[in-house]
Amino acid sequence: MTGTISLSGIEVVQNGARVLGPLALDLPVDGITVLLGPNGAGKTTLLRVIHGLERATIGTLDMPDLAQGFVFQKPVLLRRTALANVAYPLRLRGAMPEAAAKKAQAALDEVGLGGAARQRAASLSGGEQQRLALARALVTRPDLLLLDEPTASLDGQATESIEGSLGAARARGTGILLATHDLGQARRLADRVVFLLHGRALETGTADGFFGDPRSSEARAFLAGKIVP
Amino acid sequence: MTGTISLSGIEVVQNGARVLGPLALDLPVDGITVLLGPNGAGKTTLLRVIHGLERATIGTLDMPDLAQGFVFQKPVLLRRTALANVAYPLRLRGAMPEAAAKKAQAALDEVGLGGAARQRAASLSGGEQQRLALARALVTRPDLLLLDEPTASLDGQATESIEGSLGAARARGTGILLATHDLGQARRLADRVVFLLHGRALETGTADGFFGDPRSSEARAFLAGKIVP
Amino acid sequence: DGVFRLAVTTSVQNSGLADHLLPLAEEALDFDIQAIVVGTGQALRLGAAGDVDAVLVHSEAAERDFVAAGFGSHRREIMYNDFVLLGPAEDPAGIAKAGSPPEAMAAIAAAEAPFVSRGDDSGTHRRELALWAEAGIAPEGRWYREGGSGMGATLNIAAAMGAYVLSDRASWLASGNRASLALLVEDPDALFNQYSFIPVTPPRRAGAKGAAGLFETWLTGSDTQALIGEFRIDGMPLFLPNARPQ
Amino acid sequence: MGEIWEGVAAAIALVASLDPALIEITLRSLQVTLSAVAVAGLIGIPLGAFLAVARFPGRGVIVATLTALMGLPPVVVGLLVYLFLSQAGPFGVLNLLFTPWAMVIAQIIIVTPLVASISLQAIAGLWEEYRDLLRSLGATSGQRMRTLIWDGRGALVTAMLAGFGRAIGEVGAVMIVGGNIDNATRVLTTAIALETSKGNFALALGLGIVLLALALLVNLLSHGVGRTEARALP
Amino acid sequence: MGEIWEGVAAAIALVASLDPALIEITLRSLQVTLSAVAVAGLIGIPLGAFLAVARFPGRGVIVATLTALMGLPPVVVGLLVYLFLSQAGPFGVLNLLFTPWAMVIAQIIIVTPLVASISLQAIAGLWEEYRDLLRSLGATSGQRMRTLIWDGRGALVTAMLAGFGRAIGEVGAVMIVGGNIDNATRVLTTAIALETSKGNFALALGLGIVLLALALLVNLLSHGVGRTEARALP
Ligand SMILES: Nc1ncnc2c1ncn2[C@@H]1O[C@H](COP(=O)(O)OP(=O)(O)OP(=O)(O)O)[C@@H](O)[C@H]1O
Ligand SMILES: Nc1ncnc2c1ncn2[C@@H]1O[C@H](COP(=O)(O)OP(=O)(O)OP(=O)(O)O)[C@@H](O)[C@H]1O
Ligand SMILES: [Mg+2]
Ligand SMILES: [Mg+2]
């Protein structure tokens, strides 16, 4: 995908508190952009604004008209089976039941949930639910993927395999915006890094630049002084 | 705390599928016991059985009568302010409103949420919610803490500080059962490790033994072949 | 509780007579009077249970049974009017030309013109059944509808269906919904309709002691009897007083 | 008091005798009420879902009006339907007055606000849960409503049952537009009102007990359905 | 049809004239209904919360019975209350028959199952959310119920409003136990029934419109309350 997500003068105010911004950012929609920052920095809020789930209080968002997929920090699952959850977005787009089920089964297999297809989504374990949400976001092959800490509850192997899938998607040309607290993951995947603090983008640049030579003292503290999880 | 949590012949069957067991385990209630295992291994189910939230289909659980605190993998928050959430368990135990609020505020300060005391819990960020749940579990100073991936959404600094609080609690004599996918955290904190796979405890022993010389090939694969998050 | 309770039938209430008389009685007698408006059957049940102190109804046979069973001390005739046969103004069955009420009923049956019956065992219903019997007809068929409602509701049904119906004169004159209905047959002698007052015995309610007697005396007094005779709607009298002095 | 036992005895006798008149009015009660509740569900459930999902100026007033309409006095509904269906009214030519159809129409008007309000409440909770997901997946309004109705069907059974209860016990409106005509529009409630006005309290109570037993039966059956649902749900 | 416009005109005239009789029966309607709904809430909300939280054999049957009781025909309730309060009945000595108290009692019986059912449904959703937490924290049954009622108060307003609507529009029961006595127990609905039976349709409709306006006002006010709640909630 080509194109740019342009935010200018964006601010999000909730109940009188500014939770994001002022923000002026141009994010190219290709490769993997990683959002870093401590809890409450505004990563989720930024992703939601870009996805159109939240309206900025002031400022403008300019972006190409892309098919987007979102994986929420807390998975939102339909009260249905795992398979029905993944088939759902396909059905919304008009796929026939059998075709949707077949594609959905393949997507479940890819995240290692093939055997749980007929299980109610709510009965899956925490990590399994997160994988299910990923499978559902991937099954429609969106142009832009927004992922909010998608591997927080995953085991090592699943994390590795999901990172592989994301690499493959990037290779296909899918743009990816990824929020994570896993600095190792950020180093492995990021083409670009946005470092958020108190709602503001303190640094924006290439991954090599950010990890190799962070400019702000906050970013240096974030990367260094803190324990590496 | 002294005493032992004894599980013998425990099995949990859900909808005809055995999700835990057969399990025979003796877990001393002191120090930190870490539950490791891939997604769906049964960590959450085991913690819930010990906490009494789930009844084993067969088998017996024998344990001393301890004040327990639980932090759920998905935080369950009351539809109230952050402060009211932490004050709630104190109020249940008969504390006066002011006393409860004071203690709750101190607990919030400890997890770095002091400034968000009057904010609705639902408006907190993912990581902030997890910290809130921790503060609520710690505020009553339970004898036994059951923690289900309590730092999965926390930033590096918060993780470090929570690990510090857990170390302090252990020093006070609190027994801790901790499920995590963070192997670094497991190495830092564990006195004892239980390695679960497909509902069974493949290995139980000291942390040094488990990390230094895992007996089963599965544990070796889990520790080695997999990416370390 | 210092209140005199009187169960009255719908026609007395709906005509406005109760609202006209009772305030005057309260003034004259110096106790509160409450009128409870129900069908004759229910009125007598309220009396039998002692929930009201007296009843004012119009269904002679039921009234005599009530007194005979010891629920009422005596039956005092107060006033009368008559039943009238109503129907669509065009009068498809031609009952206006009939010589007598039973002949009119026979004409309706012969034409199988729609007829609405009260069907509720009330005094009016019993009178209607008696008329059919006099005519030698057992009414049945799609034209004969048993409504199972009070007089007001039955008039509303007849008005909407354009059906024939037997009504007491007071309810008819008081109805605000006559639609195309017209008074077709009247015969004050043959269709005589007596209203009576029955004090309930023994008085179970602490109530206004002796109130029933005082009220009966007031109701049958010549002043009140004159008031009843003068009560009119559109210039037409609704009830004619006929209490005999004791 | 004795009447209460007489009422129970009357109910048992009525049911035991399989009195054909009783069977007829019972079936008519069921038929009128089930038809009305079915239509009320077809209107009220989508309406509730729509109001749960949509946000537009005036929505609050519409929701409040809907709740207020739960208070529509049956007699007023009966009167309005009567005026519309009477020969003098705009739909007089249809000749529906004093037929079971008129009773169905009146009950639909009475029950729809109730079904819609309870549906709205039930679906609003689910919408809170699903909102972000459905918006993220780009579901159209129609798709959102369908998803919410389907996944919330367990709670919607309660809405339908509340509507059924309201309708089966209703007398004021069906009395006016049906006329309580023997062999045509008499149902359990109008029969009860008639027997009460006749002073036949025991028989009236007996019919009331039959009606309640019927309502209980319907509820236990749907509860069975609901249970099966609940078991399949998380 | 013309009658409908006459009804609207009558309603306007009634309200504009501030007819003292109208004000009296309107206030009595409000007083009886609000008292009944308050008591129904005091019984129905805890009952609904209890049934949402508790699991015991027979719970399903009790829930189904409660839903079935929503179908209690008002006339039957009126009859039962009458038999108990009658001089011949067990509570005759209280002299409550044909007083507003009797009407309140009848309405409590009619409205409580409705309030309890809707509360149960509203609280069941919250209980699903809170269950693990409340059990984990060792909350007693009483504490659980109190927490659920407090945190679910927004939805419980709907339950109370449904109860208010049901009660304010009810006529069958209050007619039997109140007697529709002028200056004593006449309320809006019994006045409407009386005018309807007199064939005074315009006046009956006018009173109906006044009643609806009253219900709408109460709903808009509580909706305002609900909105404030909702804003404070997440
Ligand atoms: N109504 C509100 N009032 C005050 N603060 C709010 C409100 N809503 C959200 N916030 C704050 O906005 C901040 C941004 O939240 P956001 O979810 O974007 O953080 P995040 O970077 O995703 O954090 P995490 O790593 O914990 O997921 C948080 O600190 C949150 O407490
Ligand atoms: N009703 C059910 N039918 C079939 N399988 C079930 C059912 N309920 C739970 N399970 C399975 O039980 C297993 C154990 O779940 P549990 O939540 O204990 O795993 P976990 O070790 O905590 O995993 P995670 O690391 O993802 O949190 C999961 O694989 C889950 O899918
Ligand atoms: Mg976040
Ligand atoms: Mg788990």
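Since we're looking at a predicted model, the values are computed, not measured. A, B, ... follow the sequence lines: proteins, then strands. Residue 1 opens every chain.
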Q: Against chain E, work out which of C:Gly150, C:Ser149, C:Ala35, C:Ala153 has the most heavy-atom pairs shorter than 4.5 Å and name it.
A: C:Ala35
**Q.** Contacts of C:Glu186 that satisfy salt bridge (Lys or Arg N to Asp or Glu O under 4.0 Å) - sequence neighbours left out
**A.** C:Arg169
Under 3.5 Å, which donor-acceptor pairs link side chains of residues 173-183 of chain E to any protein atom two or more places apart or in another chain?
{"unit_1": "E:Asn180", "atom_1": "OD1", "unit_2": "E:Arg186", "atom_2": "NE", "d": "2.8"}
{"unit_1": "E:Asn180", "atom_1": "OD1", "unit_2": "E:Thr190", "atom_2": "OG1", "d": "3.0"}

Q | By salt bridge (Lys or Arg N to Asp or Glu O under 4.0 Å) - contacts of C:Asp91 (at least two apart) | A | none
Q) So, C:Arg178 side chain and C:Leu173 main chain: donor-acceptor pair closer than 3.5 Å or not? A) yes
Q) chain E heavy atoms under 4.5 Å from C:Asn156: which part of the residue, side chain, backbone, both or neither? A) side chain
Q. For the residue pair C:Tyr144 and C:Phe115, does the interplanar ring angle fall in the parallel (under 30°), tilted (30 to 60°) or perpendicular (over 60°) class?
A. parallel
Q.
Sub-4.5 Å heavy-atom contacts with chain C: which residues of residues 33-41 of chain E show up?
A. none
Q) Is E:Glu24 salt-bridged to E:Arg28, going by a charged N under 4.0 Å from an acidic O? A) yes
Q | Main-chain N/O of C:Thr220 paired with C:Thr224 side-chain donor or acceptor, under 3.5 Å | A | no
Q) Which bit of E:Phe98 is near chain C, if near means a heavy-atom gap under 4.5 Å: side chain, backbone, both or neither? A) both
Q: Name the region of C:Leu46, side chain, backbone, both or neither, that has any atom closer than 4.5 Å to a heavy atom of chain E.
A: both
Q: Could you pull out the closest heavy-atom pair between E:Ser119 and E:Ile45, with the gap in Å?
A: OG-CG1, 3.6 Å
